[in-house]
Student: 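Mind looking over this structure? Questions follow.
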Amino acid sequence: MTFEIKYIGHSAFCFKTDEGSILTDPFISGNPSAKFDIEQEKIINIFLTHGHGDHLGDAIPISRKYRTPVTAIFELANYCEEKGAVVQGVNMGGNIKYNWGTARFLPAFHSSSTPDGKYAGMPASILFDIKGTKIYHAGDTCLNSEMKTVGEIYKPDIALLPVGSFYTMDTKEALTAAKWLNAKRVIPMHYNTFPAINVNIEEFKTELEKSNIECVILKPGESLSI
Ligand code: NI
Ligand code: MN
């Protein structure tokens, strides 16, 4: 059984399974790099790492239109519900079951508020298990030693890591994160969307490969088949 990891752009991904498509941090409208046609997808779940506009993105309008559940940390889920979304409020560490696999919210070191300035609970990373493949979406975060625990306990196969610096860790720290996470493959994210987070991504790939970690650079709109 296979599925696809489609990069929408920035930190937005679409995991395409036989059951339907799962969106994470669906920043599409207003994202200068986004390549995605929502009408082509059957969206069954939406996940949010935190409340910032470049992650919350279109989650609320998509949920209102298609009644797709938005899974987020309790406070952020409540905010989305107030705005008319269907929600599933969760918290750190629970193993949440779906017909396509599981999701678990884990730490990220960042801040989290809604675009209108309300407290959105803790920021998170999310560990997905889709058809037995473990995908770790780091959210927005600095390098942090929780990643050693994630590597030791959960052993992600693929790590989606922010590398753009300024708001998150940079490429040098993402290399350390990849090692700590014990990830075999890395897909970089949260770079080149705006000038403040421009990165020479080929240099990052070279550095990862020196450490025998595969780097899959996806351009917005491109997919990796698992
Ligand atoms: Ni953020
Ligand atoms: Mn961000």
Side-chain angles (χ1 to χ4, degrees), residues 5-15 22-36 46-62 70-80 83 85 87 89-92 103 105-128 135-144 146-147 150 158-174 177-178 181 186-199 201 204 217-221:
I5 299 176
K6 184 173 205 168
Y7 186 44
I8 298 172
H10 201 57
S11 295
F13 286 86
C14 174
F15 307 128
I22 303 150
L23 295 181
T24 303
D25 290 0
F27 176 40
I28 303 164
S29 310
N31 175 353
S33 71
K35 285 218 168 37
F36 192 63
I46 301 169
F47 288 84
L48 299 176
T49 60
H50 64 295
H52 292 158
D54 60 321
H55 298 262
L56 174 63
D58 300 298
I60 294 167
I62 294 169
V70 176
T71 303
I73 290 291
F74 179 71
E75 290 83 356
L76 179 56
N78 286 350
Y79 174 85
C80 293
K83 302 283 183 191
V87 302
V90 300
N91 224 307
M92 295 300 186
F105 282 59
L106 294 167
F109 283 69
H110 192 64
S111 62
S112 184
S113 56
T114 63
D116 52 0
K118 294 196 176 76
Y119 172 66
M122 279 180 80
S125 56
I126 307 172
L127 181 78
F128 296 96
I135 303 169
Y136 179 72
H137 187 301
D140 276 359
T141 187
C142 63
L143 180 65
N144 68 80
E146 292 292 334
M147 291 169 170
V150 174
I158 302 172
L160 316 180
L161 299 179
V163 298
S165 195
F166 201 89
Y167 305 106
T168 68
M169 60 188 178
D170 62 17
T171 50
K172 197 159 180 275
E173 292 156 344
L181 288 163
V186 168
I187 301 175
M189 63 177 183
H190 212 271
Y191 69 98
N192 292 3
T193 319
F194 318 110
I197 56 173
N198 279 356
V199 158
I201 204 65
F204 177 58
I217 298 171
L218 294 178
K219 293 197 183 79

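All residue numbers in this chain count up from 1 along the given sequence. Because the structure is predicted, anything quoted here is derived from the model rather than measured. First listed ligand is number 1; within each ligand, the first listed atom is number 1.
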Student: Checking one value in my table: which N/O/S atom of His190 lies closest to the Mn ion (ligand 2)?
Tutor: NE2
Student: Will you find, in the side chains of Asp140 and His190, an N or O donor that is under 3.5 Å from an N or O acceptor?
Tutor: yes
Student: Looking only at N, O or S atoms, which one in Asp54 sits nearest to the Mn ion (ligand 2)?
Tutor: OD2
Student: Dump the intermediate steps for side chain to side chain contact (heavy atoms under 4.5 Å, CB included) on Thr168 and Met189, then the final yes or no.
Tutor: CA-CA 11 Å; Thr168 68; Met189 63 177 183; over 6 Å; no
Student: Backbone or side chain, does His55 get an N/O/S atom under 2.8 Å to the Mn ion (ligand 2)?
Tutor: yes
Student: Looking at His50, which of its N, O or S atoms is the nearest one to the Ni ion (ligand 1)?
Tutor: NE2
Student: With a cut-off of 2.8 Å, does His110 put an N/O/S atom close enough to the Mn ion (ligand 2)?
Tutor: no
Student: Quick one: closest heavy-atom pair of Ile73 and Met92, and the distance?
Tutor: CD1-N, 4.2 Å
Student: Under 2.8 Å from the Ni ion (ligand 1) - does any N, O or S atom of His110 fall there?
Tutor: yes
Student: For the Mn ion (ligand 2), find the closest N/O/S atom belonging to Asp140 and write down its atom name.
Tutor: OD2
Student: Tell me the closest heavy-atom pair linking Gly139 and Thr49, and the distance in Å.
Tutor: CA-CG2, 3.7 Å
Student: Do any N or O atoms from the side chain of Ser125 and from the backbone of Leu106 form a donor-acceptor pair under 3.5 angstrom?
Tutor: yes
Student: Regarding Asp54 and His10, do their side chains bring together a donor and an acceptor under 3.5 Å, going by distance alone?
Tutor: yes
Student: Suppose we only allow N, O or S atoms; which atom of Asp140 ends up nearest to the Ni ion (ligand 1)?
Tutor: OD2
Student: What N/O/S atom of His52 is the closest to the Ni ion (ligand 1)?
Tutor: ND1
Student: For residues Ile8 and Pro220, report the shortest heavy-atom separation together with the two atoms involved.
Tutor: O-CB, 3.5 Å
